[in-house]
Structure formats: C-alpha cells, structure tokens
Q: 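Just passing along the structure, written as structure tokens.
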Amino acid sequence: MSFSGALAQLFAIALALVLAPLLSGWVGQCRAWLQSRTAPPLLLPYYMLRKLFEKDVVLAHNASSLFRAAPFVIFGCMLLACAIVPTLSTDLPFAPAADALALVGIFGLARIFIALAGMDVGTAFGSLGGRREMLVGFLAEPALLMVFFTLAMIAQSTSLATIVETLAHRELIIYPSLAFAGVAFTFVSLAENARVPVDNPATHLELTMIHEAMILEYTGRHLALIEWAASLKLYAYSCLGLALFFPWGIAPGDNILALAAAIPLLLLKLAIGGFLLAAIETVNAKMRIFRAPEFLGTAFMLAVLGLLVRLLLEVKV
Amino acid sequence: MNAAIPLSAQLINLFAAVILLLAFAMLAQRRMLSLVNLFAAQGFCLFLATLTAAVTTGQSHLFYSAGLTLLLKVIALPWILYRLVRQLNIKGEVEALINIPTTMLVGIVLVMAAFNVALPISELSHTITRGTLGIALAVVMLAFLMMITRQKAISQVVGFLSMENGLFLAATSATYGMPMVVELGIALDVLVGMIILGVFFFQIRDQFDSLDIRHMEKLKDN
Amino acid sequence: MSGLLTLDLLILAACAWLVTGLLGVFAGRATGFIAGLLFPLGAVIGIGVGLLGLNALGAPTQTAVLAIGLPDLPFHLRLDNLSAVFTLLLGFAGAGISIYAAGYFAKGDTPGLGPLCFEYHVFLGSMLMVLLADDAYAFMVAWECMALSSFFLVTTDHKHEEIRRAGFLYLLIAHIGAIAILLSFGVMTGGEGDYNFAAMRTVELTPTWTSAAFLLALAGFGAKAGLVPLHVWLPEAHPAAPSPVSAMMSGVMLKTAIYGLLRVSFDLLHTTIWWWGVVALVIGLLTAIFGVLYSTVQSDMKRLLAYSSIENIGLIAVAIGLTLIFHAYGMDALAALALTAVLYHCLAHAGFKSLLFLCTGSVLHATHERSLGKLGGLIHPMPWVAWLALAGIIAGAGLPPLSGFVSEWLLLQGFLFSPGLPHPWLNMVVPVAAALVVLVAALAGFAMVKFYGIIFLGQMREPALKDAHDAGPWERAGLVWLALITVLLGVLPSTVILRLDAATQQLLGAGLANTLQQQGWWMLAPISAERASYEPLIVLVSIAVTLLASRWLVRSLFHGRVRRSSPWDCGYHFEGPRAQDTAEGFSQPIRRIFEPMFRMQRHFPAARDKQPYYSVKVEDHFWYWCYLPIARLANWISAMIVALQGGRIAVYLMYSFITLLLLLLVARP
C-alpha cells in the first residue's frame with residue numbers, strides 16, 4: 001500500500017459521496033426531459049439530504065433500536081462497496097478486503113438490514129416490502145454471480161481490481177461472452193437498484209412498490225442516510241458496470257496524472273450511463289411483481305449462456 | 001490468451017453467439033410479430049457471419065450464399081410471414097404448452113448438451129471457426145424445442161426456419177459452406193415449403209376456425 | 001502432560017461425561033443440583049475436550065487399545081487430525097450448549113430431569129467415542145449409543161402422541177442408516193474379517209466393491225445427516241426435542257455423520273472415482289434446494305431451523321462432492337480448498353445453528369409459543385436474545401463478515417476452478433452448479449429474514465407476549481459463547497484455516513497453509529492475493545467505523561432530536577398486529593414461484609363467506625412418493641404373511657420341518 005494509493009482511495013471515497021447524489025439527480029433530470037416534463041434541478045438530491053438532516057426524526061412508538069441502527073449499517077455497507085469498486089484507479093488499498101463474491105455479500109448484508117428495518121415497525125407495507133426485497137434478492141444474486149464467474153474466468157481472478165486491469169489492458173479481442181454478461185449485468189442492476197421494470201423509485205402509494213414500501217417509516221436523518229445509501233448503491237453499480245464492460249481510462253497504478261485524466265472520463269461515462277438508464281426507464285413500463293422472476297430468470301439465463309459461450313468459443317479454440 | 005485468433009474468427013464467433021442469443025429470445029418471446037422480427041434479425045446475423053467468412057477466405061460461392069441469405073431470410077421469408085400474420089389476423093400472445101421459464105431452463109440444458117456433443121466433431125474440422133459448430137447445433141436444438149412447445153402452427157414454422165438457420169451456420173462454420181448446388185436446392189426447398197405451408201394455414205383455419213394445432217388431434221382415426 | 005497422551009485425556013473426558021450423567025440419575029429430582037452443578041460441569045469438560053482437540057491438530061497421530069468390549073475384540077481408538085477437528089467442534093459447541101442448558105433446565109418445567117441429564121451426557125460421550133473409534137466394532141457401538149441416547153432425548157416429552165411418533169421415525173431411519181454403515185464396513189474388510197480400520201486401509205478392493213462401499217456409506221451417513229431422501233426424520237425430531245437437545249443434534253450430531261463420510265471416503269477407501277463426487281454433488285444440491293425451500297415456508301420456528309439444517313448439510317455434501325471430483329483427477333490443491341470449505345462449514349454451522357436453536361429455546365420459555373403466527377416484537381422484551389440471534393441469522397444467511405460466508409466463499413472459489421477439469425461434461429455443468437449454490441444462499445437469507453423479522457420484529461401478534469422475559473444469566477452466557485464462536489470464525493478465517501490445514505494435509509496430502517502463510521493473518525487468499533482475497537476483519541471494522549463516524553458527524557453537524565408518534569404506513573389506519581405479514585404471507589412468493597416443489601392443501605375464502613378464512617398446509621412430496629408406497633408395500637407383504645399363521649402347533653412344526661428339509665437338500669457343500 002503506497003501513500004498515493006491511500007490518497008487515491010480516500011479520494012475515491014470522497015468522490016463517491018459527492019457524485020452519488022449528483023448521479024441520482026442527473027438520472028431524474030434525464031427522465032424528466034425524456035418524458036417532456038419540466039426537469040427538477042440537478043442538485044435536488046443535495047437539497048433533499050440537507051433538508052432531511054435538519055428535520056427531526058419521528059419514530060414510530062414501537063420502533064426498536066435495530067430500526068435506528070439500520071440506516072447507519074446500510075450506509076456503511078454501501079460506502080464500503082464504493083471503496084472497493086475501482087472507479088478511478090485499480091490500485092486501491094481497500095480492494096483486497098473484498099473480491100467480487102464478497103461484494104455480492106456486502107450488498108446482501110445491506111439488503112437484510114433494510115428488509116429487517118422494514119419489518120420492524122410492523123405495518124402492512126413494511127413487511128410487504130421486506131418480503132419483496134428478499135424475493136428480488138434471491139432472484140438477482142445467482143445471475144450476478146454468474147456474470148462475475150464469466151469475468152473471473154477471463155481474468156483468472158475474482159478480485160475486481162485484477163479483472164478491470166486485465167480487461168482494460170488487453171488487446172482488442174471481441175469476447176461474445178462479455179456481451180452476454182453485460183446485458184445480464186444491466187438487468188440485475190435495474191432490479192437491484194429498484195429501477196423501472198422491477199420497481200419504481202419515483203412513487204409512493206403504489207401497491208407494487210418494493211424499496212419505498214420498506215422505508216416508509218423512516219424520517220429525518222435516518223431517511224437521509226437511506227436515500228444517500230441508495231444513490232451510493234446506484235453509483236457503485238454504475239461504476240462497476242462501466243469498469244467491467246468499458247474499462248478504458250481507469251488509471252492502472254498510483255500515477256497522479258493518469259488519475260487526473262480518469263476523472264473527466266468517469267464523469268462522461270457516468271453521464272452517458274445515467275442518460276441510458278433514464279432512457280430504459282422511460283421506454284419500459286413497470287411490470288407486475290410476478291413478472292420479476294421471469295425478468296431476472298432471463299438475466300440468469302443470459303449470464304449462464306455467456307459462461308457457456310466463454311467455455312466453448314474462447315477457451316477450447 | 002487467445003490473441004492468436006484472427007479478427008474475422010472473432011467476428012464470426014460474435015455473430016454466432018448473437019444467433020444463439022436470438023434463438024433464446026425466440027424461445028422466450030410471447031408476441032407473434034416480435035417472433036418474426038427476431039427471426040429476421042437472426043437471418044441478418046447469419047448473413048453477416050457468412051459475409052465475414054466470404055471476405056476472409058475469398059471464396060466466391062460464399063458471397064453468393066451470403067447474398068442468398070440476405071434475400072431469402074432477411075427480406076423474403078419475414079415479409080411472407082408478416083403478410084401471413086396480417087391476413088390470418090393472428091393477434092395477442094403465443095401460447096406455449098410449457099411455461100416460459102421452464103422452457104428456458106430446458107434450453108440451457110440443451111445448449112450444454114449440444115456444446116458437449118459438438119466438441120469431438122469440431123476437433124475433426126480444420127477451419128478457424130469450428131467452435132461455432134456447437135452453437136449451430138444448439139440453435140437447431142432450441143428451434144426444435146420451440147416447435148415442440150408452441151401451439152400455434154405459425155410459430156412452428158418459424159421454429160422450422162430457425163432450425164434451417166442453425167444448419168446453415170453449421171455448414172458455414174465447419175466447412176465454409178456446402179457446394180452451391182446444395183445451397184440453392186435447400187433455399188428453394190425452404191421457399192417452396194414456406195409457400196405450401198402458407199396455403200396450409202388458410203386451409204387449417206377454414207377447417208377449424210383457428211390455427212391452434214391441438215385441433216388437429218381430432219384428425220386421427222378412432 | 002507427563003505420561004498422559006491427549007487421547008488418554010479425551011477418554012477420561014468421555015468417562016467424566018458419563019459420570020456426570022450418572023450423578024444426574026442419582027440426584028433424581030434435585031433440579032437445582034442438576035442444572036446448577038452438573039450441566040456447568042459438563043460444559044467445563046466440553047471446553048477441556050475442545051482445547052484437547054485444538055491441541056491435537058497438527059500433532060502426531062495417537063492410538064490406544066481399550067480392554068473393554070468383547071473378549072477377543074477390544075476397542076481400538078485413534079486420534080488423528082480429522083478426529084481432532086470434529087473433537088474441537090464437539091467440545092466448543094457442546095460447552096456453549098451445556099452452559100445454556102444449565103439455565104434452561106433450571107426452570108424445572110422439563111419432565112424427568114435426572115434421566116435427561118444422564119442421556120444428555122451419554123450422548124456427548126458417545127459422540128466423542130464415535131470420533132475416536134478406530135475399528136468398526138467400537139464405531140458401531142458408539143454410533144448406536146449416540147442414536148439411542150438421542151432418541152430418548154427427543155422423546156423427553158413423551159406424553160404427546162406426535163413426539164412419540166417423531167422419535168419412532170427417527171429411530172427407524174437411524175437404524176436403516178446404521179445397517180448401511182455396517183454393510184459398508186463389511187464391504188471394506190474385503191472378506192478378510194478384520195474390522196480394524198488399520199486393516200481396512202490396506203485392503204485392495206475392485207472398483208465395483210469400492211463404489212459399493214462408498215455408496216453404502218453415503219446412504220448410511222446421509223440418513224444420519226439428513227440428505228434427501230432420508231431427511232424425513234429431521235424436521236420431526238429436531239422440533240420435538242427440548243431446545244438444547246435440538247441444538248446439540250443439529251449443531252453437533254449431524255457433523256458426526258459428515259465426519260464418518262469423510263473418514264470413509266478419504267481415509268479408509270484410498271482410491272476415488274470421479275462419479276462419486278458427481279453423486280454427492282447432485283444429492284447435495286437437491287438436499288440444499290429442498291431444505292432451503294421448505295425452510296422458507298415453515299410456520300413453526302424450530303421446523304424452519306430444522307429444514308435450514310438440511311440445507312446446510314446439503315451445502316456440505318456439495319463441497320464434499322467437489323472435493324471428491326478434484327481428488328479423483330489428482331488436483332489435490334483444489335481438493336484441499338474444497339475440503340477446507342467442508343470443514344469450515346461444519347464449524348460455522350455448529351456455531352450459528354446451535355445459537356439459533358437456543359434462541360428459539362429462550363423464546364419458547366418466555367412465551368410458550370412455537371408458532372411464528374403468534375410471536376412478534378420480541379426485540380423489546382428480549383433484547384439480549386434478539387441481538388445475539390441477529391449474529392446467528394447473518395451467519396446463517398451466509399453473509400459477510402460472519403462465519404457462514406467464509407465457507408461459502410471458499411466453496412465458490414473451488415467452483416471457479418471447475419472449468420479446468422479434464423472431463424468435457426463436468427467442466428461445463430459444474431460451474432453452473434455454483435449458481436444453484438448462490439440461489440440456496442440467497443434463499444437462506446429469505447428464510448433467515450422471515451425467522452428473525454417475524455419472531456423479533458414488528459408488533460406483538462398476541463397480547464400475552466408483553467409479559468415475555470429475557471434469557472437468564474446462564475442462558476445468556478451460552479448464547480454469548482456461541483455468538484463469539486460465530487464472530488471469531490467469521491473474522492479470523494486465515495488463523496482457523498491454518499489450524500485446520502493439518503486435517504486436509506492428512507487426507508489429501510495438500511493444504512492451503514503455504515499460500516496463507518505468505519499473507520497477513522487478517523487476509524484470506526487461498527490461492528494467491530491477485531487471484532482472490534477476502535479480509536473480513538477489514539469489512540467489519542470499516543462498516544463499524546463508518547457507522548460510528550456517520551452517527552457522530554450527523555449528530556454534531558445537525559442534531560440528534562427524536563420524536564415518537566404512531567406509524568405513518570402511507571396513511572392507512574389499519575395499524576393492528578393483524579395487518580402485518582403472517583408467516584404464511586411472508587413466504588407467499590416462494591410458494592408461488594416454486595409451486596411444483598411443494599405439496600399444498602389450500603383453502604381460499606369465497607366472496608360471500610360468513611366466516612372467511614385462509615389456510616395453507618405444505619407437505620413433503622417425499623412422503624407421498626417414497627415413504628407411503630414403501631409402507632403400503634410392507635403392509636401388503638405382512639398381510640400375505642398373515643396367511644401362514646394358522647394357529648395350530650402341528651402346522652408350525654410342519655413349517656420348521658419343511659425348512660429343515662429344504663436346507664438339508666440345498667445347502668450341500
């Protein structure tokens with residue numbers, strides 16, 4: 001671990017904290033444009049966070065200590081995830097702490113806490129949301145793992161830094177398996193981040209909601225942390241997708257110049273990615289909750305196909 | 001690790017993979033018109049794969065068969081199918097005998113089987129793209145599966161045509177195409193078969209007021 | 001230790017357990033004496049056993065011959081690294097359960113505490129003897145003692161019809177398993193008639209006979225471990241027993257079966273055929289999927305945990321299968337990786353499943369209620385139990401940074417290498433099996449959230465729950481001990497694996513120690529740091545630091561004000577406890593998606609029902625597909641045989657006479 005590595009790590013964490021709400025704001029803006037609505041300000045999520053932090057916390061009478069601890073735990077998990085994902089450079093002191101499989105585990109930990117917190121107050125919506133969140137979880141995780149398996153086979157490693165380094169510094173080889181894995185990853189990211197075909201982040205009071213149903217009882221700083229954590233999750237998934245499937249421009253080592261060059265490129269990639277996300281959300285309708293297994297089943301199938309194609313075409317020949 | 005593979009082979013592999021993906025998409029598709037679109041897309045990928053093979057090897061007959069693929073499978077057959085769907089007034093969703101997730105799981109098992117069966121065969125071939133033989137076999141099997149699990153006669157025809165795509169891909173990838181005569185013959189067969197089937201559809205519908213093949217169970221002697 | 005070997009001390013410990021049990025019989029009804037003195041004594045012995053096991057890891061193998069048993073057939077005992085791993089497990093998990101039991105049984109509502117104390121300690125001692133046995137005779141005697149003592153423990157509350165039935169089923173399947181094990185030993189002697197394990201190791205068998213021995217062992221030990229389709233006793237027997245006993249059976253006894261399977265397949269049989277691994281892998285996957293699906297739909301908290309044990313045993317069997325496959329192809333470094341996953345999951349499961357079963361014990365004591373539909377909100381009256389159970393469910397869901405994740409991570413790393421197998425089918429099918437393992441893990445998360453959320457969170461579903469009390473000091477001590485094991489196994493994997501390495505070295509001749517020693521103690525990188533690494537301590541610490549830092553920052557930058565009010569719930573005013581999900585409601589998505597996996601009887605209310613109700617009953621397909629046909633066949637055969645029963649002595653004599661005649665005619669040399 002070098003000094004500049006540690007610096008890059010701290011910088012990546014700070015950048016995640018700052019950029020994550022911006023990304024959510026940007027997606028919201030793009031969505032509004034695409035739907036011919038007046039766009040909210042780009043900085044809306046920051047105003048929201050500030051407002052929520054300043055408000056009092058209103059707790060339900062029977063909310064337990066777990067309910068109060070959960071937002072902090074979830075925030076911690078998501079921040080850790082952002083620290084592990086190689087956003088700007090692959091030389092991160094935190095990277096060995098968790099490889100791709102452990103990253104799935106960290107997301108799983110956050111999921112369990114948010115589901116439990118949803119069940120804590122004991123309202124109808126809370127337990128409904130918790131149950132659906134776990135449903136999406138067990139459907140998405142196998143697909144996500146198969147995506148990581150395919151990538152791990154290409155890079156001969158499950159460490160995210162090594163995977164990204166291998167993919168960024170290879171000769172131009174077309175891997176059909178990567179295309180399959182990429183589509184599958186997109187599907188999984190949509191489901192995991194409660195985006196449109198599976199869930200709608202912009203609505204309360206809809207009987208099919210998932211994420212919002214769990215956090216209905218949260219207020220004030222707790223809600224702020226949960227919202228922040230949700231945008232960190234979106235940021236982590238976006239950066240992960242960009243790093244894995246469009247890895248060009250990520251600094252290989254502790255080179256300050258390369259690091260500086262990586263920032264505008266990351267911003268550009270995130271902007272395009274956010275726009276595409278908004279486009280996907282606009283052209284698709286939210287599906288019934290019991291179509292979600294089919295949607296994520298397709299993702300799983302694509303990931304498995306990617307793995308098989310990898311084994312057939314790219315190893316044996 | 002596989003830097004030795006030339007770009008053309010990579011491209012053909014990519015197209016083969018997309019053809020496989022489209023075969024799966026057809027298996028999962030519920031709407032008839034989308035099914036025809038997917039079929040056209042599959043034909044287009046096949047065309048691109050053949051074209052790449054033609055450009056790489058410079059064999060003239062591959063150019064012809066690429067052109068034939070484009071004409072027949074991307075333009076003519078989808079157009080006929082479109083017309084059939086319109087005229088027969090088929091609407092709504094394709095009915096499947098087995099639900100779609102199960103079909104897809106069976107499909108994955110078939111792909112694995114096809115890949116393993118094709119491995120020893122492709123060892124015999126010497127072309128750079130012999131790996132796609134497994135994919136071709138998988139496409140044939142998936143098309144077969146689609147014919148088995150679908151109820152509407154027209155989706156069975158699409159399955160049949162997609163199977164032919166798979167065979168064609170096998171021929172291109174393993175041996176760089178069949179002799180021209182054979183290809184022309186097959187193309188003609190497919191076209192004529194399609195037209196005859198089109199006629200049959202009208203007959204079936206006039207007879208049963210439906211294109212559901214379950215009605216044909218009544219045709220047996222008892 | 002002058003003159004006394006570790007093995008001798010362990011034998012003494014087994015005797016000490018036996019004596020403790022006997023004291024319990026003499027103490028009779030002196031509840032205070034039994035619970036306050038004998039169970040803690042058993043726990044102390046347990047800690048001693050665990051420490052001895054730890055000490056024996058990496059030490060040279062020790063053997064002893066005990067002059068008990070039949071005249072010409074003394075007990076051979078042996079303590080090697082494999083036994084040591086499981087001795088360690090038995091000692092430490094057993095100690096935690098015994099401390100808990102001291103508090104649990106002190107309340108005096110358990111019938112026949114004296115005999116129970118005896119059976120409990122015989123159970124412990126016989127499990128220890130199973131681990132130490134070095135000949136088939138000693139092994140089977142200890143095995144049967146274990147089965148019988150646990151049968152009596154299961155039927156502690158024998159006044160209930162269903163508990164008697166559960167006990168009978170358990171005994172029946174335990175004996176079917178025992179017969180299979182005995183036959184397996186018989187095959188392994190190779191017709192030489194020497195039932196000593198040392199002799200079995202040298203016998204050369206043909207591939208057919210080796211396979212027969214392996215399959216018999218798999219069936220026999222599988223019956224004890226709860227592999228499908230011989231799992232049916234498990235969800236009946238575990239809930240029937242008092243909670244400490246359930247914890248002991250689930251956490252420790254199932255592992256003795258895993259021990260037996262490992263002993264037979266890697267030690268006694270010295271050749272391995274690749275398809276054994278495939279058989280174990282497939283059965284393991286089926287068991288895991290079956291177990292986890294059924295555990296998500298249970299409405300009884302102990303049954304939920306029992307099915308979850310089936311799932312974990314399935315995962316262990318998957319890992320054993322992977323080990324066998326790698327071993328058969330000579331890829332011993334990878335086999336060592338998979339075997340480490342097996343051993344680690346045994347330890348992890350012993351910790352967290354005992355913990356969870358004991359938590360249900362506390363809940364049961366506090367509320368007298370096992371049905372999830374009548375619990376809820378217990379985190380308020382029982383904070384100790386609730387927070388300790390949280391550690392259990394995180395480990396049970398296989399999530400970082402606790403123990404369950406380490407073994408799953410190792411298992412998946414093993415799967416990642418399976419495309420390198422020199423077999424065209426296996427290298428494609430086996431990687432996809434990894435996806436099923438992840439599905440199982442994620443479904444386990446569903447089951448654990450259901451378990452925890454419905455028991456401890458939400459509103460209380462019954463008013464009487466307000467009077468629930470938290471666990472007493474002894475119980476807390478036991479729970480804390482097991483939670484500590486779960487956390488330590490979770491955050492210090494490298495240290496633990498370096499200890500376990502002696503066992504993998506002994507069985508496979510390969511281990512992970514060399515790679516692990518090159519890295520820091522906090523880092524788990526079984527192959528190389530570039531290939532894959534996991535640092536649970538860093539994960540735990542960084543989450544904790546972020547948690548504290550963000551809490552401090554938010555409070556110092558803004559404020560820490562809190563108001564209480566009634567829940568918002570989107571403005572709906574149906575706030576009663578009935579509005580929450582029931583246990584059945586929570587698992588509705590599973591029942592819907594995996595409908596063909598269950599045999600369900602449902603009743604839906606009609607539109608104009610005067611008293612509408614909904615009910616669902618989920619039953620096991622295996623009863624109807626496997627067991628009932630066999631039962632009917634047995635009935636039918638007995639009905640046929642009844643015809644022979646004439647009631648007249650002359651006829652019976654004639655039967656004997658004809659038999660004698662036939663034997664004389666047939667059995668000529």
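In what follows, every heavy atom counts, from backbone to side chain, and hydrogens, waters and symmetry copies are set aside. Order of the sequence lines sets the chain letters (A, B, ...), proteins ahead of strands, with each chain counted from 1.
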Q: So, does S308(C) use its side chain to make a donor-acceptor pair with the main chain of L304(C) at under 3.5 Å?
A: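 The answer is no, because no donor-acceptor pair under 3.5 Å joins these two groups.
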Q: At a 4.5 Å cut-off on heavy atoms, which part of T546(C) comes close to chain A: side chain, backbone, both, or neither?
A: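 Only the side chain of T546(C) comes within 4.5 Å of chain A.
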Q: So what's closer than 4.5 Å to chain A heavy atoms on L436(C): side chain, backbone, both or neither?
A: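 For L436(C), neither part sits under 4.5 Å from chain A.
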Q: In terms of heavy-atom pairs under 4.5 Å, which option from M460(C), R564(C), K450(C) contacts chain A the most?
A: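 The answer is R564(C).
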Q: With a 4.0 Å cut-off on N to O distance, would you call E584(C) and R591(C) a salt bridge?
A: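 No.
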Q: Can you tell me which of R578(C), R461(C), R561(C) forms the most heavy-atom pairs within a distance under 4.5 Å of chain A?
A: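 Of R578(C), R461(C), R561(C), R561(C) has the most heavy-atom pairs under 4.5 Å with chain A.
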Q: So does V58(A) get a backbone contact from the side chain of T219(A), meaning a donor-acceptor N/O pair under 3.5 Å?
A: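 Indeed, once roles are kept as given, a pair shorter than 3.5 Å links the two residues.
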Q: Relative to chain A, which segment of A397(C) carries a heavy atom at a distance below 4.5 Å: side chain, backbone, both, or neither?
A: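 Only the side chain of A397(C) comes within 4.5 Å of chain A.
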Q: Distance-only, no hydrogens or angles: does the S587(C) side chain make a donor-acceptor pair with backbone N or O of I590(C) under 3.5 Å?
A: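 No; zero donor-acceptor contacts below 3.5 Å.
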Q: Say whether, by atom type as modelled, one donor and one acceptor occur between the side chain of Q9(A) and the main chain of F94(A) under 3.5 angstrom.
A: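 Present.
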Q: Which bit of I379(C) is near chain A, if near means a heavy-atom gap under 4.5 Å: side chain, backbone, both or neither?
A: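 It is the side chain, since no backbone atom gets that close.
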Q: To the nearest 0.5 Å, tell me how far L540(C) CG sits from L402(C) CG.
A: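 Separation between the atoms: 7.5 Å.
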Q: Pick whichever of G76(A), S157(A), G108(A) has the most heavy-atom pairs under 4.5 Å with chain C.
A: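 Of G76(A), S157(A), G108(A), S157(A) has the most heavy-atom pairs under 4.5 Å with chain C.
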Q: Among L128(A), I112(A), L225(A), single out the residue with the greatest number of heavy-atom pairs under 4.5 Å to chain C.
A: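 The answer is I112(A).
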Q: Less than 4.5 Å to any heavy atom of chain A: does that hold for the side chain of A434(C), its backbone, both, or neither?
A: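 Its backbone and side chain both get close to chain A.
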Q: One pair to check against side-chain contact (heavy atoms from CB on, under 4.5 Å): L216(A) and M209(A). What are the steps and the verdict?
A: CA-CA 11 Å; L216(A) 275 179; M209(A) 62 188 170; 4.1 Å; yes
Q: Under 3.5 Å, is there a donor-acceptor pair between the side chain of S418(C) and the main chain of G414(C)?
A: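 No: the side chain of S418(C) does not pair with the backbone of G414(C).
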Q: Heavy atoms under 4.5 Å from chain A: which residues of residues 383-391 of chain C carry them?
A: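 Answer by number: W387(C), L390(C).
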Q: Is there a donor-acceptor contact under 3.5 Å from the side chain of S127(A) to the main chain of D581(C)?
A: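 Side chain of S127(A) to backbone of D581(C), a donor-acceptor pair under 3.5 Å: yes, one is there.
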Q: Decide whether a cation-pi geometry holds between R221(A) and F558(C); the criteria are a distance under 6.0 Å from NZ or CZ to the six-membered ring centre and an angle within 45° of the ring axis.
A: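 Verdict for F558(C): no cation-pi partner in R221(A).
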Q: Quick check on the structure: residues of residues 95-106 of chain A within a heavy-atom distance below 4.5 Å of chain C, by number.
A: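 Against chain C, the residues of residues 95-106 of chain A that fall inside the cut-off (heavy atoms, under 4.5 Å) are P96(A), A97(A), A98(A), D99(A), L101(A), A102(A), G105(A), I106(A).
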Q: Any donor-acceptor pair under 3.5 Å linking the side chain of E54(A) with the backbone of K51(A)?
A: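 Checking the backbone N and O of K51(A) against the side chain of E54(A), no donor-acceptor pair under 3.5 Å is found.
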Q: Under a 4.5 Å heavy-atom cutoff, which of P577(C), A442(C), G398(C) has the most pairs with chain A?
A: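 Heavy-atom pair counts peak at A442(C).
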Q: Anything in residues 62-71 of chain A with a heavy-atom distance to chain C below 4.5 Å? Please list those residues in order.
A: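 Listed by number: N62(A), A63(A), S64(A), S65(A), L66(A), R68(A).
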Q: For the candidates P431(C), S542(C), S565(C), G376(C), which exhibits the highest count of non-hydrogen atom pairs separated by less than 4.5 Å from chain A?
A: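 Most heavy-atom pairs under 4.5 Å with chain A: S565(C).
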Q: Given 3.5 Å as the limit, does a donor-acceptor pair link the side chain of S494(C) with the main chain of M523(C), or not?
A: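 Between the backbone of M523(C) and the side chain of S494(C) there is a qualifying donor-acceptor contact (under 3.5 Å).
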Q: Start with the C-alpha gap between V147(A) and V188(A), add the side-chain angles, then the distance that decides, and say whether side-chain contact (heavy atoms from CB on, under 4.5 Å) holds.
A: CA-CA 10 Å; V147(A) 171; V188(A) 171; 5.6 Å; no
Q: What are the two closest non-hydrogen atoms of R131(A) and P589(C), and how far apart are they?
A: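 In terms of heavy atoms, the two residues are closest at CD-CD, 3.5 Å.
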Q: Please look at F405(C) and chain A and tell me whether the side chain, the backbone, both or neither of the residue comes under 4.5 angstrom of a heavy atom of that chain.
A: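 When you check distances to chain A, only side chain atoms of F405(C) fall under 4.5 Å.
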Q: For A191(A) and L296(A), work out which heavy atoms get closest and say how close.
A: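 Minimum heavy-atom separation between A191(A) and L296(A): CB-CD2, 3.6 Å.
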Q: Would you call T150(A) and F180(A) a side-chain contact if the rule is heavy atoms closer than 4.5 Å?
A: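 In short, these two side chains do not touch, never coming nearer than 4.5 Å.
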Q: Any idea which heavy atoms bring A525(C) and T515(C) closest together, and the distance?
A: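 Closest approach of A525(C) to T515(C), heavy atoms only: O-CB, 4.2 Å.
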Q: Can you name the nearest heavy-atom pair linking L92(A) to P86(A), along with the distance?
A: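 The answer is CD1-CA, 3.9 Å.
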Q: Do you know which two heavy atoms are closest between S407(C) and G404(C), and how far apart they sit?
A: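 Taking every non-hydrogen atom into account, OG-O, 3.2 Å.
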Q: For each of P400(C), A549(C), P536(C), tally heavy-atom pairs with chain A at distances under 4.5 Å, and name the one with the top tally.
A: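 Highest number of heavy-atom pairs under 4.5 Å: P400(C).
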Q: What pair of heavy atoms forms the shortest contact from M134(A) to A115(A), and how long is it?
A: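 The pair with the smallest heavy-atom distance is SD-CB, 3.8 Å.
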Q: Could you look at L116(A) and say if it's the side chain, the backbone, both or neither that has a heavy atom under 4.5 Å from chain C?
A: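 Both parts, backbone and side chain.
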Q: Without swapping roles, check the side chain of S403(C) against the backbone of G490(C) for a donor-acceptor pair under 3.5 Å.
A: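 Judged by distance alone, no pair lies under 3.5 Å.
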Q: Please state whether the rings of F451(C) and F456(C) are parallel, tilted or perpendicular, taking 30° and 60° as the class boundaries.
A: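 Perpendicular: the ring planes of F451(C) and F456(C) meet at over 60°.
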Q: Which donor-acceptor pairs under 3.5 Å do the side chains of residues 298-309 of chain A make with protein atoms, sequence neighbours left out?
A:
residue : atom : partner : partner atom : Å
T298(A) : OG1  : E294(A) : O            : 2.7

Q: Please flag which part of L547(C) lies under 4.5 Å from any non-hydrogen atom of chain A: side chain, backbone, both or neither.
A: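 It is both, since atoms from each part get that close.
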Q: Answer with side chain, backbone, both or neither: which region of I394(C) has an atom nearer than 4.5 Å to a non-hydrogen atom of chain A?
A: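 The side chain, not the backbone.
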Q: Under a 4.5 Å heavy-atom cut-off, does chain C meet the side chain of E217(A), its backbone, both or neither?
A: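 The side chain, not the backbone.
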Q: Specify which of Q580(C), R551(C), Q459(C), H559(C) makes the most heavy-atom pairs with chain A at under 4.5 Å.
A: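 Answer, by heavy-atom pair count under 4.5 Å with chain A: H559(C).
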Q: Could you check which of I163(A), V121(A), I84(A), L139(A) has the highest count of heavy-atom pairs closer than 4.5 Å to chain C?
A: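 Answer, by heavy-atom pair count under 4.5 Å with chain C: V121(A).
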Q: Measure V562(C) against the heavy atoms of chain A and call it side chain, backbone, both or neither at under 4.5 Å.
A: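 Both backbone and side chain.
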Q: Given heavy-atom pairs under 4.5 angstrom as the criterion, report whether the side chain, backbone, both or neither of L135(A) touches chain C.
A: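 For L135(A), the contact with chain C is made by backbone and side chain together.
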